[in-house]
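This report refers to the structure that appears directly beneath it.
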Number of protein chains: 2
Amino acid sequence: MGKQMTEMLKGTLEGIVLALLSVQPEYGYEITARLREMGFSDIAEGTVYALLVRVEQRGLVGVEKVPSEKGPPRKVYSLNAQGREYLEEFWRTWSFLAERLQQLHDGGR
Amino acid sequence: MGKQMTEMLKGTLEGIVLALLSVQPEYGYEITARLREMGFSDIAEGTVYALLVRVEQRGLVGVEKVPSEKGPPRKVYSLNAQGREYLEEFWRTWSFLAERLQQLHDGGR
DNA sequence: ACCGGTACATAGTAACGCAGAATAGCCGCC
DNA sequence: GGCGGCTATTCTGCGTTACTATGTACCGGT
């Protein structure tokens, strides 16, 4: 992953993960795999787990421990009301930024 | 400015500034003012200046000191060939990210 | 017994934007 | 003359985030 992508992900990765969780509850390993499917090929597992801990501590998601047939138990995260609110705020912020950048990209101001 | 915006600007602000410089050379104070016009009302001056020092040290911009009628001399920055290349890379990275987020926003996968 | 896949966790590092303050030059006004 | 206000740049310390690298643990197949 380029350095530019790394820096850009700061602030957006969290929103991406919350958006994924808004569709359906998922656990860390699964989220990482899904991100890779989406093309974020080099997002480190550790990054995702750390992020999930953060959003949990901020009370944006709920957690449920579910035993797995393979390996240790899964921690399944689901977006709660506060998380949905936060996600909406994220989309507003993103839209604002995306609009300005779109303008800049389409031939200056 | 919200905390989300602060985090999102990491990595994109640099691209925004370089995009501004690709239109025409400008100096720090002017860039800050232009950003505010664009709606980025709370971007700290210090942030812009630090960013300019960074891109200069990485050889993406040239600098020319120009005396001002009012106040201390201005440091006018202009995008060079390497900077243009870097900016193109930035747009590619941005487009990639924007596409995925667009998909997520338009009702999940 | 071992290896590979599943699943989570953590310590240390680097990069970036922000808050706040300092510095410096020029102007107009009381 | 001094003082505040505008222009313009610089610096320090701080908080947040993603990456690297490593470790732990559980299971199934061979």
Side-chain angles (χ1 to χ4, degrees), chain A residues 1-18 25-36 40-58 60-61 63-77 86 90 93 97, chain B residues 1-18 25-36 40-58 60-61 63-77 86 90 93 97:
Chain A
M1 198 91 73
K3 197 171 140 299
Q4 297 198 9
M5 184 59 90
T6 293
E7 288 308 319
M8 253 184 240
L9 283 176
K10 295 187 182 178
T12 52
L13 182 56
E14 186 178 292
I16 293 172
V17 169
L18 293 180
E26 276 177 353
Y27 54 97
Y29 193 82
E30 198 178 4
I31 292 170
T32 305
R34 211 176 282 286
L35 288 171
R36 294 200 204 285
F40 299 105
S41 45
D42 295 324
I43 289 185
E45 278 194 84
T47 299
V48 176
Y49 288 115
L51 190 158
L52 288 171
V53 168
R54 278 203 307 272
V55 293
E56 183 194 351
Q57 281 173 350
R58 275 195 263 151
L60 306 178
V61 295
V63 195
E64 198 191 351
K65 222 161 202 160
V66 178
S68 161
E69 326 84 41
K70 287 204 150 229
R74 300 165 173 164
K75 285 177 73 177
V76 177
Y77 294 86
Y86 186 85
F90 168 81
T93 306
L97 193 57
Chain B
M1 199 87 75
K3 198 171 140 299
Q4 296 199 10
M5 184 58 91
T6 293
E7 290 307 321
M8 251 185 239
L9 283 175
K10 294 189 181 178
T12 53
L13 182 57
E14 186 179 291
I16 293 171
V17 169
L18 292 180
E26 278 177 350
Y27 54 98
Y29 193 83
E30 198 178 4
I31 292 170
T32 305
R34 209 176 284 285
L35 288 171
R36 294 201 202 284
F40 298 106
S41 46
D42 295 323
I43 289 185
E45 281 193 85
T47 298
V48 176
Y49 287 112
L51 190 158
L52 289 170
V53 167
R54 279 203 309 272
V55 294
E56 182 194 351
Q57 281 174 350
R58 276 195 262 151
L60 306 178
V61 295
V63 195
E64 199 191 351
K65 220 160 204 162
V66 178
S68 160
E69 326 84 40
K70 285 202 151 228
R74 298 165 173 164
K75 286 177 72 175
V76 177
Y77 293 86
Y86 186 86
F90 168 79
T93 305
L97 194 57

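Sequence lines set the chain letters: A, B, ... in the order given, protein chains first and strands last, and positions in each chain run from 1.
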[X] [atom1] to [N] [atom2], straight-line distance once rounded to whole Å:
{"X": "A:Leu13", "N": "C:dC16", "atom1": "CG", "atom2": "P", "result": "17 Å"}
{"X": "B:Ile43", "N": "C:dA19", "atom1": "CD1", "atom2": "C1'", "result": "15 Å"}
{"X": "A:Arg36", "N": "C:dA7", "atom1": "CZ", "atom2": "P", "result": "14 Å"}
{"X": "B:Glu14", "N": "C:dC16", "atom1": "CD", "atom2": "C1'", "result": "9 Å"}
{"X": "B:Arg54", "N": "C:dA15", "atom1": "CZ", "atom2": "P", "result": "10 Å"}
{"X": "B:Ile16", "N": "C:dC16", "atom1": "CD1", "atom2": "C1'", "result": "14 Å"}
{"X": "B:Glu69", "N": "C:dC27", "atom1": "CD", "atom2": "P", "result": "9 Å"}
{"X": "B:Lys3", "N": "C:dC18", "atom1": "NZ", "atom2": "P", "result": "13 Å"}

Task: Contact under 4.0 Å: A:Ser68 side-chain N or O vs C:dT6 OP1/OP2 - done: no

- [ ] Give a yes/no answer on whether the side chain of A:Lys10 brings an N or O atom under 4.0 Å of OP1 or OP2 in C:dA14.
- [x] no

Task: Shortest non-hydrogen contact between B:Leu52 and B:Gly28, atoms and distance - done: CD1-CA, 3.6 Å

Task: Nearest non-hydrogen partners of B:Lys65 and B:Pro73, listed with the distance - done: CG-CB, 4.2 Å

- [ ] Would you give the length of the straight line joining atom CD of B:Glu26 to atom OH of B:Tyr77, rounded to the nearest 0.5 angstrom?
- [x] 13.0 Å

- [ ] I would like to know whether A:Tyr27 and A:Glu64 meet side-chain hydrogen bond (donor to acceptor under 3.5 Å, both in side chains); could you show each step before the answer?
- [x] CA-CA 9 Å; A:Tyr27 54 97; A:Glu64 198 191 351; over 6 Å; no

Are [X] and [Y] side-chain neighbours, meaning at least one heavy-atom pair lies under 4.5 Å?
{"X": "B:Leu18", "Y": "B:Phe90", "result": "no"}
{"X": "B:Leu9", "Y": "B:Phe40", "result": "yes"}
{"X": "B:Thr12", "Y": "A:Thr12", "result": "no"}

Open item on the list: Taking donor-acceptor contacts at under 3.5 Å, does the side chain of A:Lys70 reach the base of C:dA7?
Closed with: no

Task: 5' to 3' contact window, DNA chain D with chain B (heavy-atom distance under 4.0 Å) - done: D:dT7 to D:dT17

Polar atom pairs between nucleotides 8-13 of chain C and protein, under 3.5 Å, N or O only, would you list them?
from  : atom 1 : to      : atom 2 : distance (Å)
C:dC8 : OP1    : A:Lys75 : N      : 2.5
C:dC8 : OP2    : A:Gly28 : N      : 3.4
C:dC8 : OP2    : A:Tyr29 : N      : 2.8
C:dC8 : OP2    : A:Tyr49 : OH     : 3.1
C:dA9 : OP1    : A:Lys75 : NZ     : 3.0

Open item on the list: Check this for me, if you would: do A:Glu14 and A:Arg58 make a salt bridge, where the nitrogen-to-carboxylate-oxygen distance has to be below 4.0 angstrom?
Closed with: yes

Open item on the list: Which residue in the set B:Leu35, B:Thr6, B:Ile31, B:Val17 passes side chain to side chain contact (heavy atoms under 4.5 Å, CB included) when paired with B:Ile43?
Closed with: B:Leu35

